[in-house]
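Residue numbers start at 1 and run along the sequence shown.
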Amino acid sequence: MDLNEENFRLLAQYLQQTLSPDPNVRRPAEQFLEGVEGNQNYPILLLHLIDKEDLDMTIRVAGSVTFKNYVKRNWYYDPDEGKPDKIHETDRTAIKTLIVTLMLKSPTATQKQLSDAVSIIGKHDFPGKWPQLIDEMVDKFATGDFNVINGILQTGHSLFKRYRYEFKSQTLWLEIKLVLDKLAKPLTDLLVATMNLATQHASNQQALRVIYGSLVLVCKVFYSLNYQDLPEFFEENMETWMPSFHTMLTTDVPLLRTGDDEDAGVMEQLRSQICENLCLYAQKYDEEFSPYMPQFVTAVWELLVNTGIQTKYDTLVSHALTFLGTVADRTHYRHLFEDPNVLASICEKVIIPNMDFRASDEELFEDNPEEYIRRDIEGSDIDTRRRAACDLVKILSQKFEGKIFEIFSQYLQVLLGRHAENPHANWRAKDTAIFLVTSLASRGSTQRHGVTQTSELVPLPQFCQQQIVPELERTNINELPVLKADALKFLISFRSCLETSSVVGCLPLIIRHLQAQSVVVHSYAACAIEKILMIRIPGQKAPVTSAVLTPLAGDLYGGLFGCLQLAGSAENEYVMKAIMRSTSVLQEGSLPFMGSIVLPRLTEILTLVAKNPSKPHFNHYLFETLSLSIKTVCKAQPTAVESFEDALFPIFQAILQQDVLEFIPYVFQLLSLLLEMREGVATIPEPYMALFPFLLSPLLWDRPGNVTPLIRLICGYIRQGSAQIVAFGKLNAVLGVFQKMIASKTNDHEGFNLLQTLLMHYPMQELQQSLRQIFVLLFQRLSLSKTTKYTRGLIVFFSFYAGKVGSANLVQMIDEIQGQMFGMVLDRVFIPDLNRIASDVEKKIVAVGVTKILCECPSMLVEPYLPFWPRLMEALLQIFEAQPDATEGEDDFVDVEDTPGYQVAYSQLNYAQAKANDPYPEVTDGRAFLVQNLAKMAATQPGQLPQLISKLSALPQQILSKYCSQAGVQIA
């Protein structure tokens, strides 16, 4: 793409269209941009367009977001993956030359996106391929222009932030050392200079905002550079940094106070980051930090006591409480908290005020329920006052259990008494009481089981019966919704600690609350149902079975699908997850509701959400429920698969035609499931075969999320319709897919899967002419890019080939490529790496294949391969004797991971998983199979087997003898 006005105009036009709410306008524009992103100069065009001051700002912002996502998708390139590098080398160089300067002069709206792009590029190229970056950044400190300095600090923050979560390694240490050598002193000098400027400009509000904005970023960069270990420079200069932190923490700057109660101002941000820095030093560098600890404990305490309840202070208060908790958790600072008066003061002035349900919390509960839920039950409330106050209570109650319970018991009685006086007016008091009990009782929890350890001093069953269940028994389900939500959350949290029968007994009450108008209440009700259905007691069957749930099924399905029609819950992930879990538990008990409620509503919902997918978790559980419904119904009535196809095919065709990226991997999984339901019954119906050529189109295979489900679907076609594929003349296209897969380190296992399916089900006379080329490709990949995973896949494939086609054929095929190459395969692949085979099915394939090589291959009984026979036998015995990995069964625990990044990821549908494909169902014991085949060999080759066995070491001979005894076989 040339850098000319016509291309600028065209690019601006398409960027404008990507902002359209109409998918018919937006999607073609997105597809055009995706189609041209491999063209040379495309990223340079984008950067110049972002720099055009006369262009509409919305287009420039769209361009900066597009550029960032382009870099995120394409900057990392691994030549071993066999994919083209979409960014030309000249463009890479030009981007690194242009981007820092462009970022620094850009308006705020585009600067953040470009700064993130610098950080992504830096993650991959800095310092090795971009050594000048850090020098370029440090040089800008000298400009004195704080808009430029802040841009550099923001970039540094984005770039160094990854030091907070990357695993320790020599490479990481060397990079951090390089950064520290060049940046630590300039950053410290900048801190001192900026502090001085803050004093000089004490009466200039505009200047102070910029100056304090710089200090926030300096403190963020400090945190990142100190996270992995305490750098020598910062240790030696603590006398500069710590007094500066103390000054910033304790100095009030009236000009920077804001009237906004919601959003944190620059002073709140600065103090919050300083508290985070103090937490880091208190947790990790306790000894070096200890001289400064008392003054900071005092400063933070005073800050907490004097900070208001407005939302803008939430992150600051949270970090300040976390700092106090960190200090309280250290045994050698115990004396700071031991005095009962100090503990009482902390409880009264810090903990209880920050546990109270504020007006802003109520506003969030009503107006932004999704955010409220995210903070309250998803564990994302790390920066909320309540979570920090709760954590501080846990620490104090562990360290000073008796004293803390005595203090809080009094508060609890007061709160519950106040509520009892006037329940409608004083509901907030009970909310605080419930939260306080939860904080005091919790000692340990997991995502799957909720709270698993509790304090013996808290009578949970009694509290539940007296204070929680009555809230759910009230006639009006819309009355006092916050307390309803609290009661449901209590059951969710303590479901594993309360008497199981009591919790399960609450199900009818919980189902009733699915009709509540409050989004939070009916979401918590759905969540509680899902969690209760997942309760497992070790050594016992699940407490909620189909028989238990079936009497409630009508109300349950009615309530859950009714939720999806309530305002604000059309795509409620908790509700859809509860529908999925209910259907899973009910199994055949769900059949009476499938035709009338479940399937009509699911297909209606799928049609709607496919137009604009926006809730990935909701969508995942929707497809899970569809998969489960298909399996449940077709198990009872196999011919129902046609009804599902009639209902779903039009929706699937629309999704594929409109290229709905998020849904295509799911569609392939459901198509596979439907196709597999037909296996062994008839040929593949025409609508499937009409789709087959489309499935082989290269564009689909370029998207990582499509690969695994597409391979499964193609394998389904081969298993059931190989004759139809022969008639289509599509073998070369299928082998093209195999070649693409085998060239990729990420997807080579999928290539082997496809190849084994072809060997098993495709007519050998059609495949024969391509086999030599297939083997050549396999050996090319082995020599160019050998990995442990690939070697394992190759061993399994060669074993599969030996078992299905013949071991003599395998040796001949390999030796025709290069004389005596099979010996190299045995020596360098099979014998050293056979013990890497892990899964049971793969072990069986290898056992059968290697047994056939040992027992049925004439070449193995003569030179030059004869010496390999005992070595290969010992390698096989080693597999048999290896201890199986102990893995815990996971039932059907379905959850969705948040997948960062632009690319649509593959999410495996638990309920649409392929059946385990065992190519040797007749072989039940690999050890018995081995000795039985050795016995046949002994009968046909008299006298030879004892000689071969005599060359084994003593232990393998004993093992073989044991196998013979177990199988009742004689081999000598």
Side-chain angles (χ1 to χ4, degrees), residues 378 446-449 526-527 529-536 541-542 544-546 549 560 571-590 594 598-599 602-603 605-606 609 613 615-636 641 644 648 652 662-677 679 704-713 715-716 749-750 753 839-841 887-899 904-918:
E378 289 186 7
T446 65
Q447 181 192 7
R448 185 169 184 185
H449 299 291
C527 182
I529 290 164
E530 193 272 331
K531 298 296 185 189
I532 291 169
L533 297 187
M534 279 297 290
I535 291 175
R536 297 292 182 268
K541 68 176 185 178
V544 186
T545 60
S546 178
L549 198 58
L560 288 168
E571 295 179 40
N572 187 314
E573 67 182 74
Y574 298 98
V575 175
M576 188 52 73
K577 192 174 186 182
I579 293 171
M580 174 196 77
R581 191 74 68 209
S582 301
T583 307
S584 172
V585 171
L586 284 165
Q587 293 294 326
E588 289 80 4
S590 66
M594 281 292 170
V598 180
L599 293 173
L602 291 178
T603 49
I605 292 164
L606 178 58
V609 297
K615 299 286 182 67
H617 289 194
F618 176 86
N619 297 334
H620 184 89
Y621 298 132
L622 169 62
F623 280 102
E624 287 281 16
T625 311
L626 277 168
S627 307
L628 185 56
S629 302
I630 291 169
K631 291 173 84 168
T632 304
V633 174
C634 292
K635 181 181 176 184
V641 67
F644 280 105
L648 294 173
F652 290 171
E662 298 89 337
F663 281 7
I664 288 177
Y666 290 127
V667 167
F668 291 151
Q669 290 180 75
L670 259 65
L671 284 171
S672 296
L673 182 63
L674 290 166
L675 193 57
E676 287 160 12
M677 290 283 174
E679 271 185 32
N706 290 347
V707 170
T708 298
L710 261 180
I711 287 287
R712 176 185 171 189
L713 184 53
C715 288
H749 63 289
E750 301 290 6
N753 183 11
S839 79
D840 290 341
V841 172
T887 53
E888 184 184 350
E890 281 297 300
D891 300 315
D892 54 358
F893 183 61
V894 180
D895 227 322
V896 187
E897 288 189 14
D898 292 306
T899 309
V904 175
Y906 165 62
S907 292
Q908 167 72 56
L909 291 171
N910 186 64
Y911 294 115
Q913 287 189 49
K915 291 176 287 188
N917 189 17
D918 182 355

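- Here the CG atom belonging to Leu909 is positioned 4.5 Å from the OG atom belonging to Ser627, to the nearest 0.5 angstrom.
- Inter-residue side-chain proximity for Cys715 and Asn753 is flagged as met; some heavy-atom pair is nearer than 4.5 Å.
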query = Are Ser629 and Tyr911 close enough, and set up right, to give a side chain to side chain contact (heavy atoms under 4.5 Å, CB included), and what steps lead you there?
reply = CA-CA 9 Å; Ser629 302; Tyr911 294 115; over 6 Å; no

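- The CD atom of Glu588 sits 5.0 Å away from the NZ atom of Lys635 when rounded to the nearest 0.5 Å.
- How far CG of Asn706 is from CG of Leu713: 11.0 Å, rounded to the nearest 0.5 Å.
- Side chains of Val707 and Phe668 form no contact here, defined as non-hydrogen atoms less than 4.5 Å apart.
- Contact of the Thr603 side chain with the Leu648 side chain is registered, since non-hydrogen atoms from C-beta on lie closer than 4.5 Å.
- Side chain of Gln908 to main chain of Thr708: no donor-acceptor pair is present (N/O by atom type, distance under 3.5 Å, no hydrogens or angles).
- Looking only at distances, a side-chain donor or acceptor of Glu624 sits under 3.5 Å from a matching main-chain atom of Asn910.
- Closest approach of Pro665 to Pro709, counting heavy atoms only: O-CB, 3.7 Å.
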Working note: Phe644 + Leu670, criterion side chain to side chain contact (heavy atoms under 4.5 Å, CB included); need CA distance, chi angles, decisive distance, verdict.
CA-CA 10 Å; Phe644 280 105; Leu670 259 65; over 6 Å; no

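- Considering only heavy atoms from C-beta on, Ile605 comes within 4.5 Å of Phe618 through its side chain.
- Distance check: His620 NE2 to Thr625 OG1 gives 9.5 Å after rounding to the nearest 0.5 Å.
- Here the side chains of Arg712 and Glu676 are in contact, with some heavy-atom distance below 4.5 Å.
- The only option from Met580, Glu530, Lys615 that meets the side-chain contact (heavy atoms from CB on, under 4.5 Å) definition with Tyr621 turns out to be Met580.
- Ring geometry, Phe623 versus Phe663: the interplanar angle exceeds 60°, so the pair is classed perpendicular (tilted spans 30 to 60°).
- Partners of Glu571 according to the salt bridge (charged side-chain N to carboxylate O under 4.0 Å, His left out) rule, which considers only residues two or more places apart in sequence or in another chain, do not exist here.
- Residues Val544 and Ile535 fail the side-chain proximity criterion, which asks for heavy atoms closer than 4.5 Å.
- What you find for Val585 and Ser546 is that their closest heavy atoms are O-CB, 3.3 Å.
- With values rounded to the nearest 0.5 angstrom, Tyr574 atom OH is found 14.0 Å from Arg581 atom CZ.
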The test is side chain to side chain contact (heavy atoms under 4.5 Å, CB included); show your working for Met677 and Ile630 and say whether it passes.
CA-CA 9 Å; Met677 290 283 174; Ile630 291 169; 4.1 Å; yes

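- Side-chain contact check for Gln669 versus Gln913: every heavy-atom pair is 4.5 Å or farther apart.
- Between Leu549 and Ser582 the shortest heavy-atom distance is CD2-O, 4.1 Å.
- The distance from atom CG of Leu560 to atom CD1 of Ile579, rounded to the nearest 0.5 Å, is 5.0 Å.
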